[in-house]
Amino acid sequence: MNLYLEIVDVHGREILDSRGNPTVEAEVTVKSNRDGWLYTGRAAVPSGASTGQFEAVELRDGETRYRGLGVQHAVKNINDKLKSALMGKNALTQVYIDRILIETDGTINKENIGANATLGVSMACARAAAQALHLPLYRYLGGINTQQLPVPMMNILNGGKHASNTVDFQEFMIMPLQAENFADGLRICAEVYHCLKRILHNKGLSTGVGDEGGFAPDLPDAVSVLDTIMEAIKTAGYKPGSQICIALDVASSELYHEDTGMYHFPGESSLTGQEVVRDTSEMIAYYESLLERFPIVSIEDGLAEDDWDGWKQMTKRLGDKVQLVGDDLFVTNVKRLDAGIKLNVANAILVKVNQIGTLTEAFEAVEMAQKSGYRAVISHRSGETEDTIISDIAVALNAGQIKTGAPCRSDRVAKYNRLLRIEEELGTASKYFDIFAAQRK
Ligand code: PGA
Ligand code: ZN
């Protein structure tokens with residue numbers, strides 16, 4: 001008898017995310033034809049702040065409640081349209097389920113049903129199936145080859161749209177490349193984070209945190225932030241450049257002004273008292289100078305989401321020295337990724353499941369990346385929930401890197417703690433290694 005996990009209920013509700021804004025939670029209940037039991041999978045949808053222009057649509061009510069941010073329409077779409085489309089279907093056929101979600105919406109960017117509605121159901125369906133199979137989610141999603149724990153790309157200092165300080169780059173992250181295992185890497189990062197807190201405090205700077213739990217002091221520019229992070233790494237007793245390297249998310253689409261065709265730095269401008277702007281080639285030269293001074297192994301969204309020519313130049317100049325990650329550029333979309341691969345643009349993709357709206361499509365993006373020699377970094381959003389599915393996805397796909405914020409705030413820490421449990425569960429079958437070892441030789 002083939003296993004049939006019949007979908008017997010689909011339910012959506014409005015919950016809150018880590019910024020106190022509404023988001024979608026979905027539940028899918030299945031009945032197994034093997035044991036006759038019911039299993040319910042639940043999943044919550046994250047939400048970005050520096051959202052890419054080409055992302056699938058996050059349906060918001062636009063009414064007075066929650067300042068327009070309510071998701072009651074998306075929830076209703078789950079409880080009506082998606083439920084009736086899925087009732088009786090086999091939850092084990094994730095690709096088919098996701099295709100039904102895509103077809104029920106019927107648009108290319110999911111503006112009809114909402115990518116928040118489709119993603120919630122897609123993820124809850126996978127969870128219900130994993131539960132009915134009595135498998136951990138990562139094992140269900142990844143199969144027997146699931147073994148690699150990701151290196152954390154840990155955000156310890158926030159700027160840009162994630163904080164109200166003067167730092168223009170959105171994220172400064174550390175990567176514990178030579179740790180013994182994931183747990184050891186996490187410990188190292190947390191130690192550096194605490195050293196950074198002390199250093200900022202001693203300098204009379206704020207130790208308040210931004211949306212992803214990293215500190216958000218008023219430092220004047222990227223160089224002063226990087227100097228402070230280097231000091232924190234050394235004070236914690238680690239060697240920058242070997243044990244710990246640095247990653248940046250510039251989120252430069254937020255700095256780019258269409259009218260001037262330039263990148264504007266509002267924080268740097270306010271502190272220096274004169275307008276600081278850079279054009280595309282100055283941005284690339286700026287990164288080149290930062291790469292010479294600091295052990296940076298990865299730069300995300302170094303140029304804006306539509307600056308394809310700029311990305312080509314940047315990849316040519318920096319692509320063999322540093323990982324260049326496309327977030328707003330690729331938006332977890334195989335069409336944009338395919339275009340990028342053909343143009344030789346970037347060499348890695350950031351994967352945010354809610355940018356595209358189903359698990360299948362996100363997995364396709366990772367597969368396309370990996371087959372083309374691009375790396376994939378599995379990522380949270382700045383607005384998160386207690387849902388830890390990205391930890392399971394990172395391990396399932398052997399992605400090797402995860403971006404999930406600071407070791408601070410439970411919405412971030414929950415993902416790290418989930419990875420600790422997975423590593424323990426995998427035991428000697430788990431792997432953790434310096435994914436940049438070849439690049440840094
Ligand atoms: P977002 O930020 O979730 O606000 O888009 C995360 C990122 O840019 O990587
Ligand atoms: Zn980003």
Side-chain angles (χ1 to χ4, degrees), residues 17-21 23 44-58 60 69 115-116 119 150 152-165 167-175 209-214 216 222 246-256 263 283 287 296 298-307 311 314 323-333 336-337 340 346-357 362 365 375-385 387 389-390 393-394 399 401-406 409 411-412 415:
D17 74 11
S18 56
R19 279 192 279 249
N21 292 325
T23 192
V45 178
S47 173
S50 63
T51 308
Q53 181 189 342
F54 303 101
E55 293 191 21
V57 172
E58 179 181 74
R60 296 278 179 191
L69 296 179
N116 41 356
L119 179 68
M153 196 183 254
M154 184 183 279
N155 183 352
I156 57 172
L157 202 140
N158 294 189
K161 272 213 159 172
H162 293 169
S164 47
N165 58 348
V167 175
D168 295 315
F169 286 6
Q170 184 178 278
E171 299 168 28
F172 292 80
M173 298 170 280
I174 50 172
M175 300 189 75
V209 299
D211 287 354
E212 296 184 350
I246 294 172
L248 305 173
D249 180 5
V250 180
S252 71
S253 300
E254 303 295 334
L255 304 176
Y256 186 72
Y263 295 84
M283 290 292 278
Y287 299 136
I296 295 168
S298 181
I299 301 174
E300 180 181 328
D301 280 354
L303 293 171
E305 57 206 343
D306 246 352
D307 192 357
W311 270 94
M314 179 166 70
Q323 175 173 267
L324 296 171
V325 186
D327 169 12
D328 291 350
L329 178 75
F330 294 140
V331 289
T332 316
N333 182 322
R336 289 186 69 87
L337 177 62
N347 52 32
I349 181 174
L350 198 78
V351 176
K352 293 164 162 169
V353 280
N354 81 320
Q355 283 182 327
I356 193 69
R375 294 202 185 95
V377 183
I378 309 300
S379 173
H380 65 162
R381 298 307 303 248
S382 51
E384 265 295 334
T385 69
D387 195 309
I389 196 167
I390 59 164
I393 292 174
Q401 297 175 78
I402 192 167
K403 222 181 94 158
T404 187
R409 302 294 183 241
D411 38 301
R412 313 295 145 184
K415 277 73 163 173

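As the structure lists them, so they are numbered: ligands from 1, and atoms in each ligand from 1. Model, not experiment: these values are computed from the prediction.
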**Request:** Apply side-chain contact (heavy atoms from CB on, under 4.5 Å) to the pair Tyr287 and Leu324, showing each step before the final yes or no.
**Result:** CA-CA 11 Å; Tyr287 299 136; Leu324 296 171; over 6 Å; no
**Request:** Apply the test side-chain hydrogen bond (donor to acceptor under 3.5 Å, both in side chains) to residues Asp328 and Tyr256: give CA-CA distance (whole Å), side-chain angles for both, the deciding distance (0.1 Å), then the verdict.
**Result:** CA-CA 12 Å; Asp328 291 350; Tyr256 186 72; over 6 Å; no
**Prompt:** Can Asp327 and Gln355 be said to form a side-chain hydrogen bond (donor to acceptor under 3.5 Å, both in side chains), step by step?
**Reply:** CA-CA 10 Å; Asp327 169 12; Gln355 283 182 327; 2.8 Å; yes
**Request:** Please lay out, stage by stage, how Gln53 and Ser253 fare under the test side-chain hydrogen bond (donor to acceptor under 3.5 Å, both in side chains).
**Result:** CA-CA 9 Å; Gln53 181 189 342; Ser253 300; over 6 Å; no
**Residue pair Thr23, Arg381: steps toward the side-chain hydrogen bond (donor to acceptor under 3.5 Å, both in side chains) verdict** = CA-CA 12 Å; Thr23 192; Arg381 298 307 303 248; over 6 Å; no
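In terms of protein heavy-atom proximity, atom 8 (O) of ligand 1 is closest to Gln170 NE2, 2.9 Å. Among protein heavy atoms, the minimum distance from atom 5 (O) of ligand 1 is reached at Arg381 NH2, 2.7 Å. The protein atom (non-hydrogen) at minimum distance from atom 6 (C) of ligand 1 is Lys352 NZ, 3.4 Å.
Looking at Ala251 against ligand 1, nothing comes within 4.0 Å, counting heavy atoms. Counting heavy atoms under 4.0 Å from ligand 1, residue His380 does not touch it at all.
At least one donor-acceptor pair under 3.5 Å links the side chain of Arg60 to the backbone N or O of Leu69.
Counting non-hydrogen atoms of neighbouring residues, nucleotides and ligands closer than 6.0 angstrom, the CZ atom of Arg19 exceeds 12 such neighbours.
Distances below 4.0 Å separate heavy atoms of Leu350 from the following atoms of ligand 1: 9 (O). Proximity to Lys403 (heavy-atom distance under 4.0 Å) selects the following atoms of ligand 1: 7 (C), 9 (O). Heavy-atom proximity to Ser382, at under 4.0 Å, picks out these atoms of ligand 1: 1 (P), 3 (O), 4 (O). Taking a cut-off of under 4.0 Å to the non-hydrogen atoms of Asp249, the atoms of ligand 1 that pass are 7 (C), 8 (O), 9 (O). Per-residue contacts place Asp327 under 4.0 angstrom from the following atoms of ligand 1 (heavy atoms of the residue considered): 7 (C), 8 (O), 9 (O).
In summary, Asp328 places no N/O/S atom under 2.8 Å from the Zn ion (ligand 2), failing the contact criterion. Checking Glu300 against the Zn ion (ligand 2), an N/O/S atom falls under the 2.8 Å cut-off. Here Asp249 reaches the Zn ion (ligand 2): one of its N/O/S atoms is less than 2.8 Å from the metal.
At least one N/O-N/O distance between Glu300 and ligand 1 falls below 3.5 Å. On a distance-only criterion, Ser50 and ligand 1 share at least one N/O pair closer than 3.5 Å. Polar contact check, Gly383 against ligand 1: no nitrogen or oxygen pair lies under 3.5 Å apart.
The CZ atom of Arg409 sits 10.0 Å away from the OG atom of Ser18 when rounded to the nearest 0.5 Å.
Using a cutoff of 4.0 Å between basic side-chain nitrogens and carboxylate oxygens, Lys403 and Asp249 are scored as salt-bridged. Here Glu55 does not pair with Lys352 in a salt bridge; the nearest charged N to carboxylate O distance is not below 4.0 Å.
Nearest heavy atom pair, residue Ile378 against residue Ile390, reads CG2-O, 3.7 Å.
Summary: OD2 is the N/O/S atom of Asp327 found nearest to the Zn ion (ligand 2).
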